[in-house]
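Comments concern the structure below.
Fair warning: this is a prediction, and the values are worked out from it, not measured in the lab.
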Amino acid sequence: MSFYWIKTNALIKKIFSNYVWDVSNLENKIYLTFDDGPTPEITEWVLEELKKYNVKATFFCIGNNIEKHPQIFEKVINDGHSIGNHTFNHLNGWKTSTTAYLENVNLCESSILNLKSNPSVSELAKQILNLQSKLFRPPYGKIKASQSKKLRKLDYKIIMWDVLSADFDTSISKEKCLDNVIKYTKAGSIIVFHDSFKAFPNLEYTLPKALKYWAEKGFLFDTFK
């Protein structure tokens, strides 16, 4: 497994200060985020777990998955969660030209906004979609300076993270995954989970226990707009 930080290094946050790594607040708010969906069964399971604690989260969706599973995507929206762009094909920005990367982001945005034409989606949800198509998270956290600059000029807000659950890492135990988010989460933290098949063994164990822990500790949950 390649190297990654569970807790994002403070120097990285300072160097790349144009990105959102955490959100300082005095209200004990934290920000749950889920990458790579919508995924059949798994995203729906996540939604049910969040409902148990009345938690709203931000889902960074892959455009290709939106088009393959539009009903699940609609459910995320209609349940009141925020939506972000995660490219159409889960591209690694470091290995992709800026032109191709921007085109892929635009494809994902089109997938998100096309939902507005569906009559099953509420007017409130359509308004939410209008506001939220400009939230962006680069897959793997890998994005070139040229890509970032152009996206920000297009009014995209680049949301990174403070705490990585590492649920995607099949070499770690589910207990370690839980420890990652319990140990490092503090007020203002942006926490990353993945509603994907690969991550589900760790996610299924970690998410319910983490939600219970955070609720008992008095954390509040917020989303990006």
Does K209 count as lying over the ring of Y205, i.e. NZ or CZ under 6.0 Å from the six-ring centre, within 45 degrees of the axis? yes

Axial cation check for F168 ring with K198, 6.0 Å and 45° limits: no

What I want to find out is whether K134 reaches D155 closely enough, with some N-O distance under 4.0 Å, to be called a salt bridge. no

Is any side-chain N of the basic residue among K56 and D79 closer than 4.0 Å to the acidic one's carboxylate O? no

With a 4.5 Å heavy-atom cut-off, do [X] and [Y] have their side chains touching?
| X | Y | answer |
| --- | --- | --- |
| I83 | F60 | no |
| F193 | N202 | no |
| V163 | I190 | no |
| K7 | K186 | yes |
| Y4 | L164 | yes |
| E44 | E48 | no |
| P139 | H86 | yes |
| D169 | I172 | yes |

Should [X] and [Y] be regarded as members of a common hydrophobic cluster, given that ILVMFWY residues are connected when their side-chain heavy atoms come within less than 4.5 Å of each other, either directly or indirectly?
| X | Y | answer |
| --- | --- | --- |
| V20 | Y140 | no |
| L151 | Y19 | yes |
| I30 | L220 | no |
| V23 | W214 | yes |
| W161 | V55 | yes |

For a quick test of reading the model, state the closest non-hydrogen atom pair linking [X] to [Y] and the distance between them.
| X | Y | result |
| --- | --- | --- |
| G93 | Q147 | O-NE2, 3.0 Å |
| T39 | S196 | OG1-CA, 4.0 Å |
| C177 | A166 | SG-C, 4.4 Å |
| A210 | V181 | CB-CG2, 4.0 Å |
| L32 | L211 | CD1-CD2, 3.7 Å |
| I158 | R152 | CD1-CG, 4.0 Å |

Step through it carefully: locate the ring centre of [X], locate the ring centre of [Y], and say whether they are under 6.0 Å apart.
| X | Y | answer |
| --- | --- | --- |
| F34 | H81 | no |
| F224 | Y31 | yes |
| F200 | W45 | yes |

Rounded distance [0.5 Å steps], [atom1] in [X] versus [atom2] in [Y]:
| X | Y | atom1 | atom2 | answer |
| --- | --- | --- | --- | --- |
| N180 | D167 | CG | CG | 9.5 Å |
| F59 | F73 | CZ | CZ | 10.5 Å |
| Y156 | L135 | OH | CG | 10.0 Å |
| L47 | D195 | CG | CG | 8.0 Å |
| H90 | I62 | NE2 | CD1 | 4.5 Å |
| S189 | D22 | OG | CG | 7.0 Å |

Test F88 against E109 for side chain to side chain contact (heavy atoms under 4.5 Å, CB included), laying out the working first. CA-CA 8 Å; F88 190 85; E109 181 175 6; over 6 Å; no

According to side-chain contact (heavy atoms from CB on, under 4.5 Å), who are the partners of E216, at least two apart in sequence or on a separate chain? K212

Can you list the residues that meet the side-chain contact (heavy atoms from CB on, under 4.5 Å) rule with L11, with sequence neighbours excluded? N9, I15

Say whether K225 and T223, considering side chains only, have a donor N or O and an acceptor N or O under 3.5 Å apart. yes

In terms of side-chain heavy atoms, does T8 have a donor or acceptor partner in D162 at a distance below 3.5 Å? no

Atom CD of E175 with >12 non-hydrogen neighbours under 6.0 angstrom: yes

Name the one of T96, T99, N89 that satisfies side chain to side chain donor-acceptor pair (under 3.5 Å) with N104? N89

Using the rule given for side chain to side chain contact (heavy atoms under 4.5 Å, CB included), can you reason through Y184 versus D179, listing the C-alpha separation, both sets of side-chain angles and the distance that settles it, and then say yes or no? CA-CA 8 Å; Y184 291 108; D179 183 64; 5.8 Å; no

Would you mind writing out the side-chain donor-acceptor pairs for residues 64-71 within the sub-3.5 Å range, not counting sequence neighbours?
residue: N65; atom: ND2; partner: D36; partner atom: O; Å: 2.7
residue: E67; atom: OE2; partner: S111; partner atom: OG; Å: 2.9

Where do Y213 and T185 land on the side chain to side chain contact (heavy atoms under 4.5 Å, CB included) test, with the steps shown first? CA-CA 11 Å; Y213 172 85; T185 295; over 6 Å; no

Is the side chain of S146 donor-acceptor paired with the backbone N or O of T98 at a distance under 3.5 Å, no angle test? no

Would you please test T87 and Y101 for side chain to side chain contact (heavy atoms under 4.5 Å, CB included) and show each step? CA-CA 8 Å; T87 76; Y101 197 77; 4.0 Å; yes

